[in-house]
Amino acid sequence: MILIAALTISFLNASPGERVYRVTASAPAGSKVTLRVNAPSGWVAAFCTASVCARDSVTTAAPASGTVHAELHLYKNGRPQPGMAVITDNFGQRGIIEVPYPVG
């Protein structure tokens, strides 16, 4: 698990061609939170919340708890390379995960 400011990223699982992470961000209740990712070459990224999945970024409202949860899915596309995926939000929080060579 990586904690930078109030953005937490936890590895959930991997299968052939996919890696899944849980991203948790803290924000004022009721505010709009936008999560963005810059994935390494050869990976397609999608964020999924309880209501929507979107490629590269997602915007959702922070609940009364102020904690927003999303899953980040990374899918092999072409010839994926290992590298760093940088995740940011609109409050200046940032997290970095190392994406290894593809599984399977």
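We're numbering straight along the sequence, starting at 1.
By the ring-ring contact (aromatic ring centres under 6.0 Å, His included) test, F47 is found to be paired with no residue, residues two or more places apart in sequence or in another chain being considered. Residues meeting the side-chain hydrogen bond (donor to acceptor under 3.5 Å, both in side chains) test with S41, sequence neighbours left out: none. Annotation: side-chain hydrogen bond (donor to acceptor under 3.5 Å, both in side chains) contacts of S31 (sequence neighbours excluded): none.
A continuous path of hydrophobic side-chain contacts links V52 to L74 [ILVMFWY only; heavy atoms under 4.5 Å]. In terms of hydrophobic clustering, with Ile, Leu, Val, Met, Phe, Trp and Tyr side chains grouped at heavy-atom distances under 4.5 Å, L35 and F11 are assigned to a common cluster.
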Side-chain donor-acceptor contacts of residues 64-71 below 3.5 Å, not counting sequence neighbours, with atom names and distances?
unit_1, atom_1, unit_2, atom_2, d
S65, OG, T67, N, 3.3
H69, ND1, R22, NH2, 2.9
H69, ND1, T24, OG1, 3.2
E71, OE1, H73, NE2, 3.0

Distance-only donor-acceptor hits, side chain of residues 54-63, under 3.5 Å, sequence neighbours excluded:
unit_1, atom_1, unit_2, atom_2, d
T59, OG1, T34, OG1, 2.7

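When atom types are taken as modelled, the side chain of D89 and the backbone of A25 share no donor-acceptor pair closer than 3.5 angstrom. Proximity of a side-chain donor or acceptor of Q93 to a complementary backbone N or O of S26 within less than 3.5 Å is detected. Checking side-chain atoms of W43 against main-chain N and O of Q81 turns up a donor-acceptor pair under 3.5 Å.
Here the side chains of E98 and M84 are in contact, with some heavy-atom distance below 4.5 Å. Contact check for L72 versus V20: no side-chain heavy atoms found under the 4.5 Å cut-off. Considering only heavy atoms from C-beta on, P40 comes within 4.5 Å of V99 through its side chain.
Exactly one residue among N13, L12, V37, I97 makes a side-chain contact (heavy atoms from CB on, under 4.5 Å) with Y21. That residue is I97.
Sorted by first and then second residue, the disulfide bond (SG atoms under 2.5 Å apart) pairs involving residues 35-97 (not counting sequence neighbours) are C48-C53.
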Original post:
When you look at I96 and I87, which way does the side chain to side chain contact (heavy atoms under 4.5 Å, CB included) test go after all the steps?
Top reply: CA-CA 6 Å; I96 300 172; I87 301 162; over 6 Å; no
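For A45 against A39, the heavy-atom pair with the smallest separation is CB-CB, 4.2 Å. Considering all non-hydrogen atoms of both residues, G42 and P80 come closest at O-CB, 3.2 Å. Nearest heavy-atom pair across R94 and T88 is CG-CG2, 4.1 Å.
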